[in-house]
Amino acid sequence: MTRAWILPMLFLVCGSLLATAWAVRGFPGTAVPLLLLTFVLLAGLYSPLAFPRPIGAAEAQRRSAADGRPIVYWRSGCKYCLRMRLRLGRSAHQLHWVDIWRDPAGAAAVRAANGGDETVPTVVVAGRPHVNPDPAWVRAQLSPPT
């Protein structure tokens with residue numbers, strides 16, 4: 001199991017244990033499924049499945065040079081990455097996403113941009129890194145200049 005799946009699996013295990021304990025103690029019928037559903041949703045949000053399919057750093061840099069779209073370096077379990085992903089909505093698919101836990105070159109690029117730290121999300125626009133930028137600003141980088 002990779003690091004990316006540890007937190008989602010922890011949510012599922014804890015939710016299952018808590019729901020089982022509630023069911024054994026006789027909590028009302030709808031409380032237990034709602035509790036379990038909450039933990040399943042949290043697991044989904046913090047899993048790699050909530051993000052667009054990641055690509056390697058070299059491929060992202062090549063594509064960004066060709067189409068001018070920003071590159072987002074992220075990792076699973078990062079609440080700031082999740083915030084970025086959720087606030088970008090459908091426009092998130094227009095960016096190039098690099099999972100630094102899957103791609104060592106991506107992690108190296110983030111460390112180079114952040115003085116040795118793996119601070120994410122790091123968004124690279126036109127070759128210039130921006131650490132944890134506002135999602136509205138990132139969305140504005142997608143639209144052509146007027």
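Please read these numbers as outputs of a predicted model, since none were measured by experiment. Along the sequence shown, the residues carry numbers beginning at 1.
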Partners meeting side-chain contact (heavy atoms from CB on, under 4.5 Å) with [X] (sequence neighbours left out):
X    : result
L88  : M84, S91, A92, L95, W97, P135, V138, R139
A105 : A57, D103
R62  : E59

Listed pairs under 3.5 Å, donor-acceptor, residues 39-49 side chains, sequence neighbours left out:
| residue | atom | partner | partner atom | Å |
| --- | --- | --- | --- | --- |
| S47 | OG | G44 | O | 2.9 |
| S47 | OG | L49 | N | 3.1 |

* Asked: Given a cutoff of under 4.5 Å between side-chain heavy atoms of I, L, V, M, F, W and Y, with clusters grown through shared members, what are the other residues clustered with L36?
  ->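 Besides L36, the hydrophobic cluster comprises nothing; the residue is isolated.
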* **Interatomic distance, I100 atom CD1 to C81 atom SG [nearest 0.5 angstrom]** =>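 Answer for the CD1-SG pair, I100 versus C81, is 7.5 Å.
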* What distance separates L34 CG from F27 CZ, expressed to the nearest 0.5 Å? -> 13.0 Å
Contacts table for residues 107-123: side-chain donor-acceptor under 3.5 angstrom, sequence neighbours left out:
| residue | atom | partner | partner atom | Å |
| --- | --- | --- | --- | --- |
| R111 | NH1 | E118 | OE2 | 2.5 |
| N114 | ND2 | V110 | O | 3.0 |
| N114 | ND2 | T119 | O | 3.3 |
| N114 | ND2 | T122 | OG1 | 3.1 |
| T122 | OG1 | T119 | O | 2.5 |

List the atom pairs, with distances to 0.1 Å, where a side-chain N or O of residues 7-21 and a protein N or O form a donor-acceptor pair under 3.5 Å, not counting sequence neighbours.
| residue | atom | partner | partner atom | Å |
| --- | --- | --- | --- | --- |
| S16 | OG | L12 | O | 2.8 |
| T20 | OG1 | S16 | O | 2.7 |

* Is there a path of hydrophobic side-chain contacts, each under 4.5 Å between heavy atoms of I, L, V, M, F, W or Y residues, that connects V124 with V131? ->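 Each belongs to a different hydrophobic cluster.
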* Asked: Do W74 and I55 belong together in a cluster built from hydrophobic side chains that touch within less than 4.5 Å?
  -> no
* **Main-chain N/O of P70 paired with S64 side-chain donor or acceptor, under 3.5 Å** => no
* Asked: So which pairs with a foot in residues 75-89 pass side-chain hydrogen bond (donor to acceptor under 3.5 Å, both in side chains), sequence neighbours left out?
  ->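 Sorted result for residues 75-89: empty, none.
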* Can you name the closest pair of heavy atoms from Q94 and R69 and give their distance? ->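 Taking every non-hydrogen atom into account, O-CD, 2.7 Å.
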* To do: Provide the full list of salt bridge (charged side-chain N to carboxylate O under 4.0 Å, His left out) pairs with a residue in residues 10-27, sequence neighbours left out, each pair given once.
  => none
